[in-house]
Every structure is written in structure tokens, then in C-alpha cells.
Amino acid sequence: PIDNIVGIVCERGGVTAHVAILAKALGIPAILGAKKITEKVNDNDDIILDCHSGLIYHHPTESVIQKFGEMIESTSNGDIKLPKGDTKTTDGKKVTLRGNIALISETAQLEQYGAEGIGLYRTEFLYMIRDYLPSEEDQYRIFSKILKEVGEKGATIRVLDAGADKPIPYINTTTEDNPALGNRGIRLLLKRQDILKPHLKAILRAGLHGKLKLLFPMVTNIGEVIQIKQIINEVENEMIAQNIEFSQDYKVGLMIEIPSIVFALDKLVNEVDYMSIGSNDLLQYTFAADRGNEQVSDIYKALDPIFLCVIEKIGSFFKNHPEKHLAICGEMAGNILCVPFLIGAGIFDLSMAPRMLPNVKDIVSKFSVEECEQLLKEALSLNSVDAVTYLVKEAFTSKGIKH
């Protein structure tokens with residue numbers, strides 16, 4: 001029961017691990033990668049989690065308890081002041097800010113924090129919170145509620161991304177030596193069309209209730225995209241034959257999270273309506289650094305000039321294809337230090353945890369596109385994460401932005 005959980009501490013994992021994402025969705029403070037914490041803490045010990053600094057206070061003193069108590073009392077969701085109107089750069093470029101959600105209960109946060117629809121609905125949590133395969137009707141009911149909530153603002157529904165750090169015991173039945181590089185995402189679904197087809201039917205049927213975008217994860221090559229489109233066509237024909245109503249006005253997109261896609265953009269761009277950068281996995285696969293392994297967290301850095309070069313390459317490609325839409329839905333989109341570089345790369349559709357939206361909106365409003373482009377150009381000439389971090393923080397300081 002969620003009401004019984006006030007905080008989570010794990011010895012393993014990082015900020016993009018799915019335990020962290022689910023905790024964020026539920027509004028539960030969580031710190032991951034706290035080595036040997038279970039050897040030090042006993043039942044009934046007092047603990048304070050400072051998730052902003054990543055610190056754990058074990059047996060906090062009275063003065064520390066008082067300090068945090070005052071801080072908690074002075075901070076509430078009611079204190080959030082959202083800038084009104086569209087999110088625009090200082091030179092008038094519109095930037096669309098959407099919300100990432102994993103649970104239907106999070107839709108209430110979308111309006112609260114000013115989201116322009118859902119940029120990523122993670123369907124895997126619908127499967128992970130059960131010990132059985134949800135039926136097509138179960139899925140249809142939930143997807144319909146979500147699409148009704150957002151209406152014309154729209155929802156991007158990512159099809160089931162099971163595997164790796166999101167194992168689902170009743171689906172992932174084979175033990176793999178390296179599951180992150182194994183049978184996950186669309187690879188799994190193409191082999192399990194008994195799961196994929198009812199899943200797609202539920203999504204397409206629900207699409208009648210709002211503006212729908214379909215998003216496919218872990219796509220590796222054009223062959224998989226062709227298979228996906230064939231299966232969608234089969235699913236539509238089956239529903240037509242059964243006189244089942246479904247949306248015929250939706251977009252099909254794929255996630256850019258495997259480096260092979262970055263080198264095949266020219267082949268894939270005409271096969272889909274849009275693409276969305278999944279920065280969590282793209283970062284993981286670019287550096288061969290497990291996103292949930294704290295031992296390599298020093299390698300897993302979005303502000304590495306090498307990774308910014310990857311982002312710039314993607315953005316440059318889409319600048320030459322304005323008829324196709326590009327978004328980003330990984331944790332990078334909600335990181336205020338990354339935002340100017342994303343805008344500099346020509347990415348103007350950012351999706352993040354709803355709570356991050358006000359801060360990101362504020363950052364966007366302080367920079368021009370030209371300034372962001374120049375920042376990115378300078379960052380690409382640097383050699384380290386520290387140098388890039390210093391660069392962007394200096395830019396923030398010059399504009400009076402706290403960081």
C-alpha cells in the first residue's frame with residue numbers, strides 16, 4: 001500500500017532505473033545506489049532522505065530534524081507558480097513541454113504543472129503491477145481513461161517495453177546473460193504477437209477518445225519497422241472484419257535509443273511520422289554503461305561532449321526534414337542543465353516528469369535559440385563533462401538563474 005511508504009532507499013540503481021521512475025511517479029522520495037545501507041540501518045531507526053542532495057541522514061540530530069521540518073512546512077505544491085501562456089524562448093520560438101507518466105493517477109499532475117499533453121505513457125507499469133497478462137479489455141479501459149483526460153492535447157503511448165531492467169516474470173521466461181542487450185522491447189513483441197496484437201487493438205480502440213501517437217521502443221533497423229507496420233495493418237483488418245471501431249487518425253513513431261538508428265535516420269525517416277529520443281537508453285548504449293549500475297555512473301553522463309555530439313547529429317538531420325517531428329522523452333529533457341543544449345540542437349518538443357515542467361519552462365524563457373546554438377557549439381569543442389557543466393552554469397549565472 002502506497003500510504004505505508006514514505007521513502008525508498010536502494011543499494012543499487014541510478015536516477016533512470018525504473019524503481020526511481022516509479023517512485024517519482026508516485027511522489028515517493030527515493031535514493032538509489034546507497035552502498036551497504038542495509039548493513040547500517042535497523043528497524044525503527046530514524047532516517048531523513050534529502051533527495052535534492054542525494055544525502056541520507058541516519059540517526060539525525062534534533063537540529064537536523066528541525067531544519068528539515070521547517071523546510072517541508074514551507075514547501076508545498078500550492079506554492080508552485082507557473083508562468084502563464086506558451087513556453088517560448090526570448091526570440092519567440094515555441095517549445096512544447098509534455099509530461100511523462102506511468103500511472104493513470106498521474107494525469108491529474110499534467111494540468112497542475114502545465115503539461116501540453118503526454119509525451120510518454122509507459123505501458124509497462126500496467127503489466128509490472130500485475131502477476132498476470134492484462135486482457136485487451138483491461139488495457140482498453142485504462143488507455144481510454146488516459147486519452148479522455150488529455151483529449152486534443154494528445155498522448156504518446158509507448159507499446160510494451162518489457163525486458164532488461166523491466167522484467168515481467170510471466171512474459172520474460174528465459175534467463176539471459178545480458179538482458180539489456182537481449183530480447184526486450186520490440187524484439188520481444190515481434191516474437192510474441194499473441195501479446196502485441198491485443199495490445200495494439202486496445203490502444204487503437206482507445207484512440208477514438210483523444211489524439212493518439214503510437215511509439216515503438218528498442219527499434220534497431222528498418223526491417224523491424226516494416227514488420228511493425230505490417231502487424232498494425234493486420235490488426236486493423238482484423239478489427240474491420242469484426243466491425244470493431246478504432247482510431248484511423250493516429251501517428252506512428254519510433255524511439256531513438258539504439259545507436260544503429262542514429263546511422264539509419266535517412267532510411268527510416270520516411271517510414272514513420274515522428275521519432276522520439278529515449279535519452280536514458282541511448283546514453284546507456286552509447287557508452288556501454290548500464291543505467292542501473294552505480295559502479296559506472298561516472299560514465300553515464302548526459303552532459304558528456306560525446307553524447308551531446310550524438311544529440312546534435314540527430315537534431316541536424318531533422319532540421320533538414322521539417323516535415324517530420326522530433327521529440328525527446330528521456331530524463332535529459334527534465335534536466336535544466338541539458339535544456340539549452342537540446343534547444344541548440346533544434347529539439348523543441350520535450351517530455352518529462354510533470355514536476356520538472358515549471359523549472360524547464362523557466363529555463364526556456366531565459367534563452368534565445370541563437371544563444372543555445374552557440375552554447376552547444378562551445379560544448380562540442382570541450383573535452384569533459386566538468387567543462388560542459390561549468391559552461392552551462394556560467395551561462396545560468398549570467399542570467400541570474402539559480403542552479
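Values in this document were obtained by computation on a predicted structure and should not be read as measured data.
- Side-chain N or O atoms of Y300 include none that pairs as donor or acceptor with a backbone N or O of A288 at under 3.5 Å.
- For the pair Y121 (side chain) and T156 (backbone), a donor-acceptor distance under 3.5 Å is absent.
- Annotation: side chain of F246 is in contact with side chain of E236 (closest heavy-atom distance under 4.5 Å).
- Taking CD1 of I8 as the reference point, atom CG of L32 lies at 8.0 Å (rounded to 0.5 Å).
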Candidate pair I311 and I347, rule side-chain contact (heavy atoms from CB on, under 4.5 Å), full reasoning: CA-CA 9 Å; I311 297 296; I347 304 170; 3.8 Å; yes

Apply side-chain contact (heavy atoms from CB on, under 4.5 Å) to residues V159 and L215 and explain how you reach the verdict. CA-CA 6 Å; V159 302; L215 183 61; over 6 Å; no

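- With hydrogens and angles left out, the side-chain atoms of T96 and D349 include no donor and acceptor closer than 3.5 Å.
- Residues I168 and A162 share a closest heavy-atom pair of CD1-CB, 3.7 Å.
- Here the closest non-hydrogen pair linking L147 and A155 is CD2-CB, 3.8 Å.
- No hydrogens or angles considered: a donor-acceptor pair under 3.5 Å links the side chains of H58 and D45.
- The pair E111-K153 fails the salt-bridge criterion, with no side-chain N (NZ, NE, NH1 or NH2) lying under 4.0 Å from an Asp/Glu carboxylate O.
- Counting non-hydrogen atoms of other residues, nucleotides and ligands closer than 6.0 Å to NZ of K267 gives a total of 12 or fewer.
- Residues V388 and D304 have side chains not in contact (no heavy-atom distance under 4.5 Å, counting atoms from C-beta outward).
- Note on residues 371-384: pairs passing salt bridge (Lys or Arg N to Asp or Glu O under 4.0 Å), not counting sequence neighbours, are E371-K399.
- E106 contributes a side-chain N or O that, together with a main-chain N or O of A102, makes up a donor-acceptor pair within less than 3.5 Å.
- Between A30 and A23, the shortest heavy-atom contact is CB-CB, 3.8 Å.
- Looking only at atom types and distance, the side chain of Q284 has a donor-acceptor partner in the side chain of D281 under 3.5 Å away.
- For D91, the CG atom sits in a packed shell: over 12 heavy atoms of surrounding residues, nucleotides or ligands are nearer than 6.0 Å.
- The backbone N or O of P217 sits nowhere less than 3.5 Å from a side-chain atom of D161 that would complete a donor-acceptor pair.
- Listed by chain and residue number, H199 satisfy the ring-ring contact (aromatic ring centres under 6.0 Å, His included) test with Y127 (two or more places apart in sequence, or in another chain).
- Annotation for S351 and N100: closest pair OG-OD1, 2.5 Å, computed over non-hydrogen atoms.
- Rounding to the nearest 0.5 Å places OH of Y274 at 11.5 Å from CZ of F318.
- Residues M239 and R205 have side chains in contact (heavy-atom distance under 4.5 Å, counting atoms from C-beta outward).
- Put simply, CD1 on I232 and CG on L214 are 5.5 Å apart, with the number rounded to the nearest 0.5 Å.
- By the 4.5 Å heavy-atom criterion applied to side chains, L120 and S276 are not counted as neighbours.
- Summarising the local packing, CD of E394 is surrounded by more than 12 heavy atoms from other residues, nucleotides or ligands at distances under 6.0 Å.
- Once rounded to the nearest 0.5 Å, the distance linking OG of S260 with CG of N221 reads 7.0 Å.
- Residue pairs meeting the salt bridge (Lys or Arg N to Asp or Glu O under 4.0 Å) criterion with at least one partner in residues 219-232, sequence neighbours excluded, are K229-E271.
- Within 6.0 Å of atom CG in N237, more than 12 heavy atoms from other residues, nucleotides or ligands are found, so the atom counts as buried in its surroundings.
- Heavy-atom contacts from other residues, nucleotides or ligands closer than 6.0 Å to CZ of R130 number more than 12.
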Would I31 and D50 count as a side-chain contact (heavy atoms from CB on, under 4.5 Å) if you check the C-alpha gap in whole Å, the side-chain angles of each, and the deciding distance to 0.1 Å? CA-CA 8 Å; I31 292 179; D50 182 353; 5.8 Å; no

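- When every heavy atom of L126 is checked against every heavy atom of P134, the shortest pair comes out as CG-CG, 4.4 Å.
- The shortest heavy-atom contact between L308 and A302 is CD2-O, 3.7 Å.
- The closest donor-acceptor contact from the side chain of E257 to the backbone of N280 lies at 3.5 Å or more, if one exists at all.
- The cationic group of K93 lies under 6.0 Å from the six-membered ring centre of F348 and within 45° of the ring axis, placing it in a cation-pi geometry.
- At least one donor-acceptor pair under 3.5 Å links the side chain of T107 to the backbone N or O of I104.
- Partners of F317 under the ring-ring contact (aromatic ring centres under 6.0 Å, His included) rule, at least two apart in sequence or in another chain, are H321.
- Side chains of T90 and S365 form no contact here, defined as non-hydrogen atoms less than 4.5 Å apart.
- For the pair F307/M332, a side-chain contact is recorded, criterion being any heavy-atom separation below 4.5 Å from C-beta on.
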Start with the C-alpha distance between E124 and R158, add both sets of side-chain angles, then the distance that settles salt bridge (Lys or Arg N to Asp or Glu O under 4.0 Å), and finish with yes or no. CA-CA 9 Å; E124 59 267 21; R158 182 174 70 185; 2.6 Å; yes

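- Side-chain contact between Q230 and N233 is absent, with no heavy atoms from C-beta onward closer than 4.5 Å.
- Between the CG atom in L337 and the NZ atom in K393 there is a gap of 6.0 Å [rounded to 0.5 Å].
- Between E238 and K201 there is a salt bridge, since a side-chain N of the basic residue sits under 4.0 Å from a carboxylate O of the acidic one.
- Under the salt bridge (Lys or Arg N to Asp or Glu O under 4.0 Å) criterion, no residue pair touches residues 142-152, with sequence neighbours excluded.
- A distance of 7.0 Å separates CZ in F341 from CG in L376, rounded to the nearest 0.5 Å.
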Applying side-chain contact (heavy atoms from CB on, under 4.5 Å), run through L212 and F143 and close with a yes or a no. CA-CA 10 Å; L212 170 66; F143 300 152; over 6 Å; no

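- A salt bridge does not link K197 to D194: none of the charged nitrogens lies less than 4.0 Å from a carboxylate oxygen.
- Using a distance-only test at 3.5 Å, with no hydrogens or angles considered, no donor-acceptor pair links the side chain of D86 to the main chain of K88.
- Although no hydrogens or angles enter the test, the distance criterion places a donor-acceptor pair under 3.5 Å between the side chain of R98 and the main chain of E116.
- Here the side chain of T123 pairs a donor or acceptor atom with the backbone of L160 at under 3.5 angstrom.
- Ring geometry, H209 versus Y140: the interplanar angle falls from 30° to 60°, so the pair is classed tilted.
- Counting non-hydrogen atoms of other residues, nucleotides and ligands closer than 6.0 Å to NZ of K251 gives a total of 12 or fewer.
- Donor-acceptor pairing under 3.5 Å is lacking for the side chains of S135 and Q139.
- A donor-acceptor contact closer than 3.5 angstrom is absent between the side chains of E331 and S279.
- For the pair F216/V225, no side-chain contact is recorded, criterion being any heavy-atom separation below 4.5 Å from C-beta on.
- Applying the 6.0 Å contact sphere to CD of E323 captures more than 12 heavy atoms from other residues, nucleotides or ligands.
- The ring-ring contact (aromatic ring centres under 6.0 Å, His included) search around Y390 returns none, not counting sequence neighbours.
- Dense packing is recorded around NZ of K94, with more than 12 heavy atoms of other residues, nucleotides or ligands lying under 6.0 Å away.
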